[in-house]
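Each remark here refers to the structure printed beneath this line.
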Amino acid sequence: MRGERPPHRDTTAVRAFWEGLGLPGLFDVHVHFLPENIQRAVYAVFDAAGPKIGRDWPIRYRVSHEERIEILRGFGVRRFSTLHYAHKPGVAGYLNDWSRDFAAGVPEVLRSATFYPEPEAASYVADLVAGGVEVFKVHVQVGEFHLDDPLLDPVWGALEDAGTPVVIHAGSGPVGNAFTGPDPLRPVLERFPRLTAVVAHMGAPEYAEFLALAETYERVHLDTTMVFTEFFGAYPPDLVPRLRDVQPKVLLGSDFPTIPYPYAEQLAGLSRLDLGDDWLRDVCWHNATRLFAR
């Protein structure tokens, strides 16, 4: 057909992975789509290898929104989030409105939203939950706020009651600060034990501590974003057998488009764990399908 784009060069390897498992595709809970002005600012931070990045980080999928949607569709990613995150007070509303409009035109999208510890958060999060938001994202390494800030108490309570998942970048990777690590999340879970929390990047580099939280709390999950790749460093081998025990709580994530390697590299890393095809099927499709059933 005239004007049709050829498949992306990474498509064959991605499709071979899930087709070999007999899956209908992939469910990626950690994908980013941002307003163009915010996206350019994020790219600039990565390009500069700034203090929150700490190393060279070439972005493999730096193309337009439209092209990225087509790449994901070509890969066979049937459902994906558009995780955005507020980095200061007063921006969550703008990001959430943009994400709502974006999701309206892309049926594969999990409608995503964010919040920040500010007086208005309790009200707008309640409205977003009632309005059908399927997943929230917060990023304390970038936003530099305390997860147990009292302004967030009604937010955590509302999310706990609704069962709406929240992806939390709380691990100290790639560069830690006073707001990252397992200790800030632990008191939140003690007070809101039914919170559906998805720990981004499996909590890297505090893998053991965040895995223990997933083992302790019924609704704490881990997403695999970037973890089992050479770029991100080795996952402690002594923890791998425990990932079988939390099999229903592990979710595929990628960080697309802001990754410096082919999308299939992390899929290959998951296979190298040698936890079996059933584990892979759950991680790459069934677990997220159950969590986000609609």
Side-chain angles (χ1 to χ4, degrees), residues 5 8 14 24-43 59 61-87 90-116 120-139 142-143 155 158-159 161-169 196-198 200 221 223 225 251-259 263 284-294:
R5 295 188 183 97
H8 191 275
V14 177
L26 299 172
F27 196 135
D28 189 336
V29 303
H30 199 128
V31 169
H32 296 287
F33 281 87
L34 303 168
E36 290 287 359
N37 59 325
I38 303 292
Q39 186 71 78
R40 287 193 297 271
V42 170
Y43 285 159
I59 297 167
Y61 300 101
R62 190 196 306 244
V63 293
S64 70
H65 288 154
E66 293 76 16
E67 290 172 285
R68 284 175 13 227
I69 292 168
E70 290 308 311
I71 289 171
L72 289 171
R73 287 173 173 165
F75 286 174
V77 181
R78 308 299 184 199
R79 302 294 311 280
F80 55 89
S81 58
T82 60
L83 303 180
H84 54 281
Y85 42 91
H87 61 292
V91 302
Y94 164 67
L95 291 168
N96 292 336
D97 288 348
W98 183 89
S99 187
R100 175 200 60 213
D101 295 342
F102 181 84
V106 186
E108 297 93 341
V109 161
L110 287 173
R111 187 177 162 197
S112 309
T114 189
F115 53 86
Y116 197 86
E120 306 84 2
S123 176
Y124 66 68
V125 167
D127 289 343
L128 290 163
V129 169
V133 162
E134 296 168 278
V135 62
F136 287 80
K137 168 70 184 289
V138 292
H139 197 319
V142 172
V155 171
L159 295 179
D161 290 343
T164 305
V166 52
V167 177
I168 304 174
H169 185 132
T196 305
V198 179
H221 297 69
D223 85 33
T225 302
L251 308 169
L252 175 66
S254 68
D255 237 350
F256 181 93
T258 322
I259 50 178
Y263 190 99
C284 295
W285 182 259
H286 296 301
N287 292 343
T289 299
R290 287 190 292 265
L291 184 61
F292 294 100
R294 66 178 190 182

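Please read all numbers here as calculations on a predicted model, not as lab measurements.
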Correct closest heavy-atom pair for Phe292 and Pro165 would be CE2-CG, 3.6 Å

Next on the checklist: Looking only at the aromatic ring of each residue, does the gap between the centers of His65 and Phe33 stay below 6.0 angstrom?
Outcome noted: yes

Ring centre gap for Phe115 and Tyr124 strictly below 6.0 Å:
no

Rounded to the nearest 0.5 angstrom, the CG-CZ distance for Asp28 and Phe256 is 9.0 Å

ask   = In terms of side-chain heavy atoms, does Asp255 have a donor or acceptor partner in Thr225 at a distance below 3.5 Å?
value = no

What one should report as the nearest heavy-atom pair of Pro35 and Tyr94 is CB-OH, 3.4 Å

- Query: Going by distance alone, is a donor N or O of one side chain under 3.5 Å from an acceptor N or O of the other, for Asn287 and His221?
  - Reply: no

Let's go through Tyr263 and Ile71 carefully: what are the C-alpha distance in whole Å and the side-chain angles of both, what is the deciding distance for side chain to side chain contact (heavy atoms under 4.5 Å, CB included) to 0.1 Å, and is it a yes or a no?
CA-CA 10 Å; Tyr263 190 99; Ile71 289 171; over 6 Å; no

Between Ala200 and Val167 the two heavy atoms that sit nearest each other are CB-CG1, 4.0 Å

- Decide whether Glu67 and Ser64 meet the rule of one side-chain donor and one side-chain acceptor closer than 3.5 Å. yes

Discussion item. Under a 3.5 Å threshold, yes or no: a donor from one side chain and an acceptor from the other, between Ser112 and Ser81?
Written reply: no

Salt bridge (charged side-chain N to carboxylate O under 4.0 Å, His left out) test vs Glu134 passes for just one of Arg79, Arg111, Arg100, namely Arg79

Start with the C-alpha distance between Leu110 and Phe80, add both sets of side-chain angles, then the distance that settles side chain to side chain contact (heavy atoms under 4.5 Å, CB included), and finish with yes or no.
CA-CA 6 Å; Leu110 287 173; Phe80 55 89; over 6 Å; no

| task | List the steps, then state whether side chain to side chain contact (heavy atoms under 4.5 Å, CB included) holds for Val42 with Leu34. | result | CA-CA 9 Å; Val42 170; Leu34 303 168; 3.8 Å; yes

For Thr114 and Ala86 the tightest heavy-atom approach is OG1-N, 3.1 Å

Below 30° counts as parallel, above 60° as perpendicular, anything between as tilted: where do the rings of His30 and His32 land? perpendicular

Compare all side-chain heavy atoms of Val14 with those of Leu26 and state whether any distance is below 4.5 angstrom.
-> yes

Check: Does Arg78 make a cation-pi contact with Phe27 (under 6.0 Å, within 45 degrees of the axis)?
Finding: no

Could you tell me whether the side chain of Ser99 and the main chain of Leu95 form a donor-acceptor pair under 3.5 Å?
no

Which of Val135, Leu291, Leu83, Asp223 passes side chain to side chain contact (heavy atoms under 4.5 Å, CB included) with Val29? It is Asp223

Taking the six-membered ring for Trp, are Phe75 and His8 parallel (under 30°), tilted (30 to 60°) or perpendicular (over 60°)? perpendicular

Exactly one of Leu159, Ile168, Thr196 clears side chain to side chain contact (heavy atoms under 4.5 Å, CB included) with Phe136, and that residue is Leu159

Tyr61 six-ring face occupied by Arg68 cation (under 6.0 Å, within 45°):
no

- Query: Can you check side chain to side chain contact (heavy atoms under 4.5 Å, CB included) on Ile59 and Tyr43, steps first, answer last?
  - Reply: CA-CA 8 Å; Ile59 297 167; Tyr43 285 159; 3.3 Å; yes

In short, Val31 meets Ser254 closest at the heavy-atom pair CG2-OG, 4.0 Å

Heavy-atom nearest pair, Ala162 first then Val129, reads CB-CG1, 3.6 Å

If the threshold is 4.0 Å, N to carboxylate O, is there a salt bridge linking Glu108 and Arg73? yes

